[in-house]
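A note on names: the letters A, B, ... follow the listed sequences, proteins ahead of strands, and every chain is numbered from 1.
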There are 2 protein chains.
Amino acid sequence: MALRHAVLAALLDGEYSGYQLAKGFDIGVANFWHALPQQLYAELAKLETEGLITGREVVQEGRPNKRLFRVTDEGLAEMERFVARAAKPSFIRDDLLVKVQAVDGVAAGPVIEQLTERADMADAKIELLEKLLVKLRGGAGEDEFLRTGERVGPYLTCLRGLAFERESRDWCRRAAALLSERAAVERGRGRGAASARGDRPLG
Amino acid sequence: MALRHAVLAALLDGEYSGYQLAKGFDIGVANFWHALPQQLYAELAKLETEGLITGREVVQEGRPNKRLFRVTDEGLAEMERFVARAAKPSFIRDDLLVKVQAVDGVAAGPVIEQLTERADMADAKIELLEKLLVKLRGGAGEDEFLRTGERVGPYLTCLRGLAFERESRDWCRRAAALLSERAAVERGRGRGAASARGDRPLG
DNA sequence: GCTTCCATGTAAGAGGTTACATGATTGG
DNA sequence: CCAATCATGTAACCTCTTACATGGAAGC
(Lines give C-alpha, C1' and ligand atoms only; values in the text may rest on other atoms or scores of the structure.)
Protein backbone atom coordinates (compact mmCIF):
# COMPACT_ATOMS: atom_id res chain seq x y z
CA MET A 1 0.00 0.00 0.00
CA ALA A 2 1.08 3.51 -0.48
CA LEU A 3 -0.78 6.55 0.80
CA ARG A 4 -1.45 4.81 4.07
CA HIS A 5 2.00 5.23 5.56
CA ALA A 6 2.22 8.84 4.47
CA VAL A 7 -1.06 9.50 6.29
CA LEU A 8 0.13 7.68 9.39
CA ALA A 9 3.40 9.64 9.32
CA ALA A 10 1.48 12.90 9.04
CA LEU A 11 -0.80 11.95 11.94
CA LEU A 12 2.16 11.22 14.23
CA ASP A 13 2.46 15.00 14.53
CA GLY A 14 -0.91 15.26 16.26
CA GLU A 15 -4.62 15.12 15.52
CA TYR A 16 -5.87 16.20 12.13
CA SER A 17 -9.10 16.04 10.16
CA GLY A 18 -9.31 14.94 6.55
CA TYR A 19 -9.77 18.52 5.54
CA GLN A 20 -6.72 19.69 7.45
CA LEU A 21 -4.63 16.93 5.94
CA ALA A 22 -5.85 17.90 2.49
CA LYS A 23 -4.56 21.43 3.17
CA GLY A 24 -1.41 20.20 4.87
CA PHE A 25 -0.53 18.04 1.91
CA ASP A 26 0.20 21.33 0.17
CA ILE A 27 3.00 22.30 2.53
CA GLY A 28 4.83 20.01 4.92
CA VAL A 29 3.69 16.55 3.93
CA ALA A 30 3.72 17.46 0.24
CA ASN A 31 7.50 17.18 0.47
CA PHE A 32 7.23 13.43 0.40
CA TRP A 33 3.73 12.63 -0.79
CA HIS A 34 0.97 14.07 -2.92
CA ALA A 35 -2.70 13.21 -2.50
CA LEU A 36 -6.12 14.56 -3.39
CA PRO A 37 -8.80 15.16 -0.75
CA GLN A 38 -10.98 12.27 -1.91
CA GLN A 39 -8.06 9.93 -1.55
CA LEU A 40 -7.42 11.14 1.97
CA TYR A 41 -11.02 10.72 3.10
CA ALA A 42 -11.10 7.22 1.66
CA GLU A 43 -7.78 6.27 3.23
CA LEU A 44 -8.74 7.67 6.64
CA ALA A 45 -11.94 5.62 6.57
CA LYS A 46 -9.99 2.49 5.68
CA LEU A 47 -7.34 3.09 8.32
CA GLU A 48 -10.04 3.59 10.95
CA THR A 49 -11.89 0.36 10.15
CA GLU A 50 -8.56 -1.43 10.37
CA GLY A 51 -7.90 0.10 13.77
CA LEU A 52 -4.67 1.87 12.81
CA ILE A 53 -6.16 5.27 13.62
CA THR A 54 -9.13 6.47 15.68
CA GLY A 55 -11.33 9.46 15.01
CA ARG A 56 -13.33 11.61 17.37
CA GLU A 57 -16.10 14.01 16.45
CA VAL A 58 -15.43 17.67 17.25
CA VAL A 59 -18.54 19.86 17.36
CA GLN A 60 -17.96 23.36 16.06
CA GLU A 61 -20.07 26.52 15.99
CA GLY A 62 -20.56 28.46 12.82
CA ARG A 63 -19.00 25.73 10.73
CA PRO A 64 -19.52 22.02 10.03
CA ASN A 65 -18.38 19.50 12.59
CA LYS A 66 -15.19 17.62 11.89
CA ARG A 67 -13.51 14.36 12.79
CA LEU A 68 -10.01 14.44 14.20
CA PHE A 69 -7.83 11.37 13.83
CA ARG A 70 -4.86 10.08 15.73
CA VAL A 71 -2.60 7.04 15.36
CA THR A 72 -3.35 4.03 17.61
CA ASP A 73 -0.76 1.66 19.06
CA GLU A 74 -1.55 -0.72 16.24
CA GLY A 75 -0.95 2.09 13.80
CA LEU A 76 2.41 2.82 15.36
CA ALA A 77 3.31 -0.88 15.18
CA GLU A 78 2.41 -0.84 11.48
CA MET A 79 4.68 2.16 11.00
CA GLU A 80 7.45 0.32 12.79
CA ARG A 81 7.09 -2.61 10.38
CA PHE A 82 6.98 -0.25 7.41
CA VAL A 83 10.16 1.54 8.45
CA ALA A 84 11.97 -1.77 8.91
CA ARG A 85 11.20 -2.86 5.33
CA ALA A 86 13.54 -1.83 2.50
CA ALA A 87 12.51 1.46 0.92
CA LYS A 88 11.64 1.53 -2.74
CA PRO A 89 13.64 3.99 -4.80
CA SER A 90 11.86 7.30 -5.09
CA PHE A 91 10.67 8.54 -8.43
CA ILE A 92 9.88 11.81 -10.07
CA ARG A 93 7.16 12.28 -12.62
CA ASP A 94 7.06 15.72 -14.06
CA ASP A 95 5.16 16.87 -17.13
CA LEU A 96 7.29 19.97 -17.35
CA LEU A 97 10.54 18.02 -17.60
CA VAL A 98 8.97 15.91 -20.35
CA LYS A 99 8.26 19.14 -22.23
CA VAL A 100 11.80 20.38 -21.74
CA GLN A 101 13.15 17.06 -22.97
CA ALA A 102 11.12 17.56 -26.15
CA VAL A 103 11.82 21.27 -26.55
CA ASP A 104 14.17 20.89 -29.52
CA GLY A 105 11.38 19.33 -31.55
CA VAL A 106 8.45 21.60 -30.71
CA ALA A 107 7.57 25.25 -30.11
CA ALA A 108 9.62 26.59 -27.20
CA GLY A 109 7.28 29.47 -26.26
CA PRO A 110 4.87 27.53 -24.03
CA VAL A 111 7.76 25.71 -22.39
CA ILE A 112 9.41 29.00 -21.45
CA GLU A 113 6.13 30.28 -20.04
CA GLN A 114 5.58 27.18 -17.98
CA LEU A 115 9.13 27.22 -16.66
CA THR A 116 8.57 30.77 -15.49
CA GLU A 117 5.28 29.88 -13.81
CA ARG A 118 6.89 26.93 -12.10
CA ALA A 119 9.72 29.11 -10.83
CA ASP A 120 7.21 31.53 -9.34
CA MET A 121 5.32 28.71 -7.69
CA ALA A 122 8.60 27.44 -6.26
CA ASP A 123 9.33 30.89 -4.84
CA ALA A 124 5.98 30.89 -3.07
CA LYS A 125 6.58 27.46 -1.66
CA ILE A 126 10.08 28.38 -0.52
CA GLU A 127 8.61 31.22 1.52
CA LEU A 128 6.06 28.89 3.11
CA LEU A 129 8.69 26.29 3.94
CA GLU A 130 11.07 28.84 5.45
CA LYS A 131 8.29 30.06 7.72
CA LEU A 132 7.39 26.51 8.64
CA LEU A 133 11.00 25.76 9.56
CA VAL A 134 11.20 28.81 11.82
CA LYS A 135 7.98 27.70 13.49
CA LEU A 136 9.16 24.11 13.91
CA ARG A 137 12.44 25.01 15.58
CA GLY A 138 10.84 27.55 17.91
CA GLY A 139 13.42 29.93 19.32
CA ALA A 140 16.41 27.69 18.73
CA GLY A 141 18.97 27.92 15.93
CA GLU A 142 18.92 25.19 13.30
CA ASP A 143 21.97 23.24 14.46
CA GLU A 144 20.90 23.42 18.05
CA PHE A 145 17.38 22.29 17.23
CA LEU A 146 18.59 19.40 15.13
CA ARG A 147 20.87 18.23 17.93
CA THR A 148 18.54 18.64 20.88
CA GLY A 149 14.97 19.28 19.65
CA GLU A 150 12.19 16.69 19.69
CA ARG A 151 10.54 15.75 16.42
CA VAL A 152 13.35 16.34 14.00
CA GLY A 153 11.63 14.14 11.40
CA PRO A 154 9.27 16.81 10.09
CA TYR A 155 12.09 19.33 10.17
CA LEU A 156 14.37 17.13 8.08
CA THR A 157 11.70 16.47 5.46
CA CYS A 158 11.03 20.20 5.25
CA LEU A 159 14.73 20.85 4.73
CA ARG A 160 14.69 18.36 1.89
CA GLY A 161 11.63 20.01 0.39
CA LEU A 162 13.21 23.43 0.67
CA ALA A 163 16.40 22.32 -1.06
CA PHE A 164 14.31 20.71 -3.78
CA GLU A 165 12.25 23.83 -4.39
CA ARG A 166 15.32 26.06 -4.50
CA GLU A 167 17.02 23.80 -7.02
CA SER A 168 13.81 23.62 -9.01
CA ARG A 169 13.41 27.39 -9.09
CA ASP A 170 17.02 28.04 -10.09
CA TRP A 171 16.92 25.42 -12.81
CA CYS A 172 13.61 26.69 -14.19
CA ARG A 173 14.88 30.25 -14.38
CA ARG A 174 18.15 29.19 -16.00
CA ALA A 175 16.39 26.97 -18.53
CA ALA A 176 13.82 29.65 -19.35
CA ALA A 177 16.50 32.30 -19.87
CA LEU A 178 18.54 29.98 -22.04
CA LEU A 179 15.63 28.93 -24.23
CA SER A 180 14.54 32.55 -24.64
CA GLU A 181 18.03 33.52 -25.74
CA ARG A 182 18.22 30.67 -28.22
CA ALA A 183 14.78 31.58 -29.60
CA ALA A 184 15.94 35.19 -30.06
CA VAL A 185 19.08 34.07 -31.90
CA GLU A 186 17.01 31.81 -34.09
CA ARG A 187 14.61 34.61 -34.94
CA GLY A 188 17.59 36.78 -35.84
CA ARG A 189 18.99 34.13 -38.18
CA GLY A 190 15.64 32.95 -39.49
CA ARG A 191 14.35 36.13 -41.11
CA GLY A 192 10.85 34.90 -41.80
CA ALA A 193 11.43 31.34 -42.92
CA ALA A 194 12.59 29.55 -39.76
CA SER A 195 10.12 28.20 -37.25
CA ALA A 196 10.62 26.87 -33.78
CA ARG A 197 10.75 23.35 -35.17
CA GLY A 198 14.43 23.28 -35.89
CA ASP A 199 14.20 23.81 -39.64
CA ARG A 200 16.87 26.46 -39.62
CA PRO A 201 18.30 27.74 -42.88
CA LEU A 202 20.83 25.26 -44.26
CA GLY A 203 20.51 22.93 -41.25
CA MET B 1 -2.63 10.20 -20.25
CA ALA B 2 0.73 9.94 -18.70
CA LEU B 3 3.55 7.68 -19.82
CA ARG B 4 2.76 8.32 -23.43
CA HIS B 5 4.33 11.78 -23.66
CA ALA B 6 7.40 10.69 -21.77
CA VAL B 7 7.87 7.88 -24.31
CA LEU B 8 7.34 10.24 -27.23
CA ALA B 9 9.85 12.69 -25.72
CA ALA B 10 12.38 9.90 -25.29
CA LEU B 11 11.89 8.75 -28.90
CA LEU B 12 12.51 12.25 -30.26
CA ASP B 13 16.19 11.52 -29.62
CA GLY B 14 16.24 8.73 -32.17
CA GLU B 15 15.10 5.16 -32.68
CA TYR B 16 14.82 2.88 -29.68
CA SER B 17 13.44 -0.55 -28.88
CA GLY B 18 11.29 -1.26 -25.85
CA TYR B 19 14.24 -2.96 -24.25
CA GLN B 20 16.53 0.00 -24.83
CA LEU B 21 13.93 2.37 -23.41
CA ALA B 22 13.56 0.15 -20.38
CA LYS B 23 17.32 0.48 -19.83
CA GLY B 24 17.35 4.18 -20.69
CA PHE B 25 14.62 4.88 -18.18
CA ASP B 26 17.30 4.19 -15.60
CA ILE B 27 19.48 7.08 -16.64
CA GLY B 28 18.48 10.03 -18.81
CA VAL B 29 14.73 9.73 -19.04
CA ALA B 30 14.47 8.62 -15.42
CA ASN B 31 15.07 12.25 -14.53
CA PHE B 32 11.50 13.06 -15.43
CA TRP B 33 9.69 9.75 -15.58
CA HIS B 34 9.85 6.27 -14.16
CA ALA B 35 8.40 3.21 -15.84
CA LEU B 36 8.69 -0.56 -15.78
CA PRO B 37 9.46 -2.61 -18.90
CA GLN B 38 5.95 -4.08 -19.13
CA GLN B 39 4.49 -0.62 -19.11
CA LEU B 40 6.80 0.48 -21.91
CA TYR B 41 6.00 -2.48 -24.14
CA ALA B 42 2.29 -1.90 -23.60
CA GLU B 43 2.56 1.83 -24.26
CA LEU B 44 4.67 1.34 -27.38
CA ALA B 45 2.06 -1.05 -28.77
CA LYS B 46 -0.71 1.42 -28.07
CA LEU B 47 1.18 4.35 -29.54
CA GLU B 48 1.86 2.33 -32.67
CA THR B 49 -1.77 1.33 -33.24
CA GLU B 50 -2.69 5.01 -32.83
CA GLY B 51 -0.11 5.98 -35.42
CA LEU B 52 1.94 8.24 -33.17
CA ILE B 53 5.03 6.07 -33.60
CA THR B 54 6.14 3.46 -36.15
CA GLY B 55 8.25 0.41 -35.52
CA ARG B 56 10.54 -1.49 -37.84
CA GLU B 57 11.94 -4.97 -37.34
CA VAL B 58 15.71 -5.18 -37.06
CA VAL B 59 17.16 -8.65 -37.63
CA GLN B 60 20.18 -9.42 -35.48
CA GLU B 61 22.68 -12.23 -35.39
CA GLY B 62 23.46 -14.03 -32.19
CA ARG B 63 20.60 -12.34 -30.37
CA PRO B 64 16.84 -11.96 -30.71
CA ASN B 65 15.45 -9.55 -33.28
CA LYS B 66 14.15 -6.25 -32.04
CA ARG B 67 11.72 -3.54 -33.06
CA LEU B 68 12.96 0.04 -33.25
CA PHE B 69 10.41 2.84 -32.94
CA ARG B 70 10.40 6.44 -34.07
CA VAL B 71 7.94 9.29 -33.73
CA THR B 72 5.65 9.99 -36.69
CA ASP B 73 4.42 13.41 -37.81
CA GLU B 74 1.20 12.69 -35.97
CA GLY B 75 3.22 11.87 -32.87
CA LEU B 76 5.07 15.14 -33.16
CA ALA B 77 1.78 17.00 -33.55
CA GLU B 78 0.51 15.27 -30.40
CA MET B 79 3.66 16.41 -28.58
CA GLU B 80 3.06 19.94 -29.84
CA ARG B 81 -0.46 19.89 -28.38
CA PHE B 82 0.81 18.41 -25.13
CA VAL B 83 3.47 21.09 -24.73
CA ALA B 84 0.91 23.83 -25.35
CA ARG B 85 -1.34 22.59 -22.54
CA ALA B 86 -0.75 23.81 -18.99
CA ALA B 87 1.64 21.53 -17.05
CA LYS B 88 0.42 19.84 -13.94
CA PRO B 89 2.51 20.52 -10.87
CA SER B 90 5.14 17.86 -10.38
CA PHE B 91 5.01 15.62 -7.38
CA ILE B 92 7.34 13.53 -5.32
CA ARG B 93 6.43 10.26 -3.69
CA ASP B 94 9.20 8.86 -1.58
CA ASP B 95 8.92 6.05 0.95
CA LEU B 96 12.19 7.11 2.53
CA LEU B 97 10.97 10.61 3.28
CA VAL B 98 7.85 9.14 4.85
CA LYS B 99 10.12 7.13 7.12
CA VAL B 100 12.18 10.17 8.05
CA GLN B 101 9.00 12.10 8.81
CA ALA B 102 8.06 9.33 11.25
CA VAL B 103 11.54 8.83 12.69
CA ASP B 104 10.79 10.43 16.06
CA GLY B 105 8.12 7.81 16.76
CA VAL B 106 9.87 4.63 15.61
CA ALA B 107 13.27 2.92 15.64
CA ALA B 108 15.83 5.11 13.89
CA GLY B 109 18.28 2.34 12.97
CA PRO B 110 16.67 1.15 9.73
CA VAL B 111 16.07 4.74 8.67
CA ILE B 112 19.77 5.55 9.05
CA GLU B 113 20.70 2.45 7.06
CA GLN B 114 18.32 3.30 4.28
CA LEU B 115 19.50 6.90 4.14
CA THR B 116 23.05 5.64 3.70
CA GLU B 117 22.03 3.23 0.96
CA ARG B 118 20.15 5.95 -0.82
CA ALA B 119 23.15 8.26 -0.64
CA ASP B 120 25.34 5.57 -2.21
CA MET B 121 22.82 5.02 -4.97
CA ALA B 122 22.75 8.76 -5.59
CA ASP B 123 26.54 8.77 -5.87
CA ALA B 124 26.40 6.08 -8.53
CA LYS B 125 23.75 7.96 -10.44
CA ILE B 126 25.69 11.21 -10.22
CA GLU B 127 28.64 9.52 -11.88
CA LEU B 128 26.43 8.19 -14.67
CA LEU B 129 24.82 11.56 -15.24
CA GLU B 130 28.13 13.39 -15.32
CA LYS B 131 29.40 11.01 -17.98
CA LEU B 132 26.18 11.40 -19.93
CA LEU B 133 26.51 15.18 -19.87
CA VAL B 134 30.08 15.03 -21.19
CA LYS B 135 28.89 12.75 -23.97
CA LEU B 136 25.92 14.95 -24.83
CA ARG B 137 27.95 18.12 -25.16
CA GLY B 138 30.67 16.46 -27.22
CA GLY B 139 33.88 18.50 -27.16
CA ALA B 140 32.23 21.79 -26.24
CA GLY B 141 32.11 23.44 -22.81
CA GLU B 142 28.79 23.56 -21.05
CA ASP B 143 27.97 27.23 -21.63
CA GLU B 144 28.99 27.02 -25.25
CA PHE B 145 26.96 23.88 -25.81
CA LEU B 146 23.88 25.34 -24.18
CA ARG B 147 24.12 28.45 -26.35
CA THR B 148 24.91 26.86 -29.68
CA GLY B 149 24.38 23.09 -29.47
CA GLU B 150 21.42 21.25 -30.96
CA ARG B 151 19.18 19.21 -28.67
CA VAL B 152 19.59 21.09 -25.45
CA GLY B 153 16.39 19.52 -24.08
CA PRO B 154 17.98 16.25 -22.96
CA TYR B 155 20.95 18.17 -21.60
CA LEU B 156 18.75 20.42 -19.49
CA THR B 157 16.78 17.53 -18.04
CA CYS B 158 20.03 15.78 -17.16
CA LEU B 159 21.27 18.93 -15.43
CA ARG B 160 18.08 18.93 -13.38
CA GLY B 161 18.51 15.27 -12.55
CA LEU B 162 22.11 15.82 -11.53
CA ALA B 163 21.22 18.69 -9.22
CA PHE B 164 18.46 16.58 -7.72
CA GLU B 165 20.74 13.63 -7.05
CA ARG B 166 23.42 15.82 -5.50
CA GLU B 167 20.92 17.44 -3.18
CA SER B 168 19.48 14.06 -2.36
CA ARG B 169 22.87 12.58 -1.54
CA ASP B 170 23.93 15.51 0.63
CA TRP B 171 20.64 15.56 2.51
CA CYS B 172 20.71 11.78 3.08
CA ARG B 173 24.23 11.92 4.47
CA ARG B 174 23.44 14.86 6.70
CA ALA B 175 20.24 13.29 8.00
CA ALA B 176 21.94 9.93 8.61
CA ALA B 177 24.81 11.55 10.52
CA LEU B 178 22.42 13.60 12.61
CA LEU B 179 20.17 10.69 13.49
CA SER B 180 23.18 8.54 14.41
CA GLU B 181 24.49 11.25 16.70
CA ARG B 182 21.12 11.66 18.39
CA ALA B 183 20.81 7.89 18.84
CA ALA B 184 24.27 7.81 20.47
CA VAL B 185 23.34 10.63 22.84
CA GLU B 186 20.14 8.84 23.74
CA ARG B 187 21.96 5.58 24.44
CA GLY B 188 24.34 7.50 26.67
CA ARG B 189 21.50 9.02 28.65
CA GLY B 190 19.28 5.95 28.60
CA ARG B 191 21.47 3.45 30.42
CA GLY B 192 19.36 0.42 29.63
CA ALA B 193 15.82 1.74 30.01
CA ALA B 194 15.33 4.13 27.09
CA SER B 195 14.33 2.84 23.69
CA ALA B 196 14.31 4.53 20.33
CA ARG B 197 10.65 5.34 20.85
CA GLY B 198 11.13 8.61 22.62
CA ASP B 199 10.43 7.35 26.15
CA ARG B 200 13.47 9.02 27.58
CA PRO B 201 14.00 9.16 31.33
CA LEU B 202 11.87 11.92 32.90
CA GLY B 203 10.54 13.09 29.50
C1' DG C 1 25.39 -26.62 -16.14
C1' DC C 2 24.04 -22.11 -14.16
C1' DT C 3 23.55 -17.38 -14.56
C1' DT C 4 23.16 -13.22 -17.01
C1' DC C 5 21.80 -10.59 -20.96
C1' DC C 6 18.74 -9.73 -24.84
C1' DA C 7 13.96 -9.24 -26.08
C1' DT C 8 9.06 -9.30 -25.51
C1' DG C 9 5.05 -9.77 -23.47
C1' DT C 10 0.09 -11.28 -20.38
C1' DA C 11 -3.09 -10.97 -16.48
C1' DA C 12 -4.71 -9.55 -12.12
C1' DG C 13 -4.98 -6.36 -8.77
C1' DA C 14 -3.62 -2.14 -6.23
C1' DG C 15 -3.50 2.71 -6.42
C1' DG C 16 -4.50 7.33 -8.22
C1' DT C 17 -7.25 10.87 -10.99
C1' DT C 18 -11.40 13.15 -12.83
C1' DA C 19 -15.94 14.36 -12.47
C1' DC C 20 -19.62 15.10 -9.64
C1' DA C 21 -22.55 15.87 -5.21
C1' DT C 22 -24.01 18.14 -0.80
C1' DG C 23 -24.77 21.73 2.49
C1' DA C 24 -23.93 25.37 5.88
C1' DT C 25 -21.35 29.85 6.81
C1' DT C 26 -18.51 33.94 6.13
C1' DG C 27 -16.87 37.93 3.34
C1' DG C 28 -17.20 41.23 -0.43
C1' DC D 1 -26.30 37.94 -4.39
C1' DC D 2 -22.02 35.54 -5.58
C1' DA D 3 -17.94 33.53 -4.34
C1' DA D 4 -15.00 31.31 -1.21
C1' DT D 5 -14.15 28.41 2.86
C1' DC D 6 -15.18 24.52 5.79
C1' DA D 7 -16.20 19.67 5.64
C1' DT D 8 -17.10 15.18 3.63
C1' DG D 9 -17.75 12.06 0.45
C1' DT D 10 -19.33 8.59 -4.27
C1' DA D 11 -18.55 6.52 -8.82
C1' DA D 12 -16.25 5.71 -12.98
C1' DC D 13 -12.16 5.47 -15.08
C1' DC D 14 -7.25 5.54 -15.99
C1' DT D 15 -2.61 4.22 -14.68
C1' DC D 16 0.80 1.66 -12.41
C1' DT D 17 2.67 -2.34 -9.94
C1' DT D 18 3.31 -7.30 -8.99
C1' DA D 19 3.61 -11.80 -10.44
C1' DC D 20 4.41 -14.72 -14.02
C1' DA D 21 5.84 -16.60 -18.83
C1' DT D 22 8.95 -17.59 -22.85
C1' DG D 23 13.15 -18.59 -25.32
C1' DG D 24 17.72 -18.27 -27.48
C1' DA D 25 22.74 -16.88 -26.98
C1' DA D 26 26.92 -15.73 -24.39
C1' DG D 27 30.02 -16.10 -20.38
C1' DC D 28 31.97 -18.54 -16.26
Side-chain angles (χ1 to χ4, degrees), chain A residues 1-8 15-26 29-30 32-50 53 55-69 82 85-95 98, chain B residues 1-8 15-26 29-30 32-50 53 55-69 82 85-95 98:
Chain A
M1 320 248 159
L3 219 205
R4 86 181 331 180
H5 299 110
V7 169
L8 286 171
E15 287 186 321
Y16 294 102
S17 67
Y19 189 81
Q20 285 173 300
L21 281 179
K23 297 273 120 174
F25 266 61
D26 292 328
V29 185
F32 52 84
W33 214 266
H34 154 89
L36 300 164
Q38 310 93 295
Q39 247 181 303
L40 290 169
Y41 287 116
E43 195 64 44
L44 286 169
K46 230 199 279 178
L47 284 168
E48 195 181 20
T49 63
E50 292 175 39
I53 61 175
R56 63 185 180 92
E57 186 92 14
V58 173
V59 181
Q60 299 184 115
E61 293 173 34
R63 52 176 74 180
N65 297 345
K66 62 180 171 184
R67 304 200 68 216
L68 294 182
F69 296 93
F82 167 68
R85 289 205 294 274
K88 296 172 195 159
S90 91
F91 55 84
I92 299 182
R93 283 185 175 138
D94 192 339
D95 270 8
V98 175
Chain B
M1 320 249 159
L3 220 204
R4 84 180 331 177
H5 299 111
V7 170
L8 286 171
E15 287 185 322
Y16 293 102
S17 67
Y19 189 82
Q20 285 173 300
L21 282 179
K23 295 274 123 177
F25 265 63
D26 293 327
V29 185
F32 52 85
W33 215 266
H34 155 89
L36 300 163
Q38 311 93 295
Q39 245 180 306
L40 289 168
Y41 287 116
E43 194 64 45
L44 287 168
K46 229 199 281 177
L47 284 167
E48 195 181 19
T49 63
E50 293 175 39
I53 61 175
R56 64 186 181 91
E57 187 92 13
V58 173
V59 181
Q60 298 183 116
E61 293 172 35
R63 54 176 70 181
N65 297 344
K66 62 181 172 185
R67 303 200 69 216
L68 295 182
F69 296 93
F82 167 68
R85 289 205 294 274
K88 295 172 196 158
S90 92
F91 54 85
I92 299 181
R93 281 183 177 139
D94 191 339
D95 269 7
V98 174

Enquirer: Whole angstroms only, please: what is the CD-C1' distance between B:Q39 and D:dT17?
Expert: 8 Å
Enquirer: Just how far is it from atom CZ of B:F25 to atom CZ of B:F32, taken to the nearest 0.5 Å?
Expert: 6.5 Å
Enquirer: So do B:V7 and B:W33 actually touch side chain to side chain, heavy atoms under 4.5 Å?
Expert: no
Enquirer: Let me confirm one number: the NZ-NE2 distance from B:K88 to A:H34, rounded to the nearest 0.5 Å.
Expert: 9.5 Å
Enquirer: Take atom NZ of A:K46 and atom P of D:dT10, then tell me their distance rounded to the nearest Å.
Expert: 13 Å
Enquirer: Taking CZ from A:R93 and C1' from C:dT17, how many angstroms apart are they, rounded to a whole number?
Expert: 13 Å
Enquirer: Compare all side-chain heavy atoms of B:V98 with those of A:F82 and state whether any distance is below 4.5 angstrom.
Expert: yes
Enquirer: Please report the distance, rounded to the nearest Å, between CG in B:L36 and P in D:dT18.
Expert: 7 Å
Enquirer: Rounded to whole angstrom units, what separation is found between the CD atom of A:E61 and the C1' atom of C:dT25?
Expert: 13 Å
Enquirer: Whole angstrom is fine here: how far is it from NZ in A:K88 over to C1' in C:dA14?
Expert: 10 Å
Enquirer: Under 4.5 Å between any side-chain heavy atoms of A:L44 and A:I53, yes or no?
Expert: yes
Enquirer: Distance check, rounded to the nearest 0.5 Å: A:K23 atom NZ versus A:L40 atom CG?
Expert: 12.0 Å
Enquirer: Go along nucleotides 5-10 of chain C 5' to 3' and tag each nucleotide: B for a protein heavy atom under 4.0 Å from its base, S when only backbone or sugar atoms are that close, - otherwise.
Expert: SBBBBB
Enquirer: Can you tell me the distance, in whole Å, between the CG atom of A:L21 and the P atom of D:dC6?
Expert: 14 Å
Enquirer: Are B:H34 and D:dC16 close enough that a side-chain N or O sits under 4.0 Å from OP1 or OP2?
Expert: no
Enquirer: Which whole-number value in Å describes the distance from A:W33 CH2 to C:dT17 P?
Expert: 10 Å
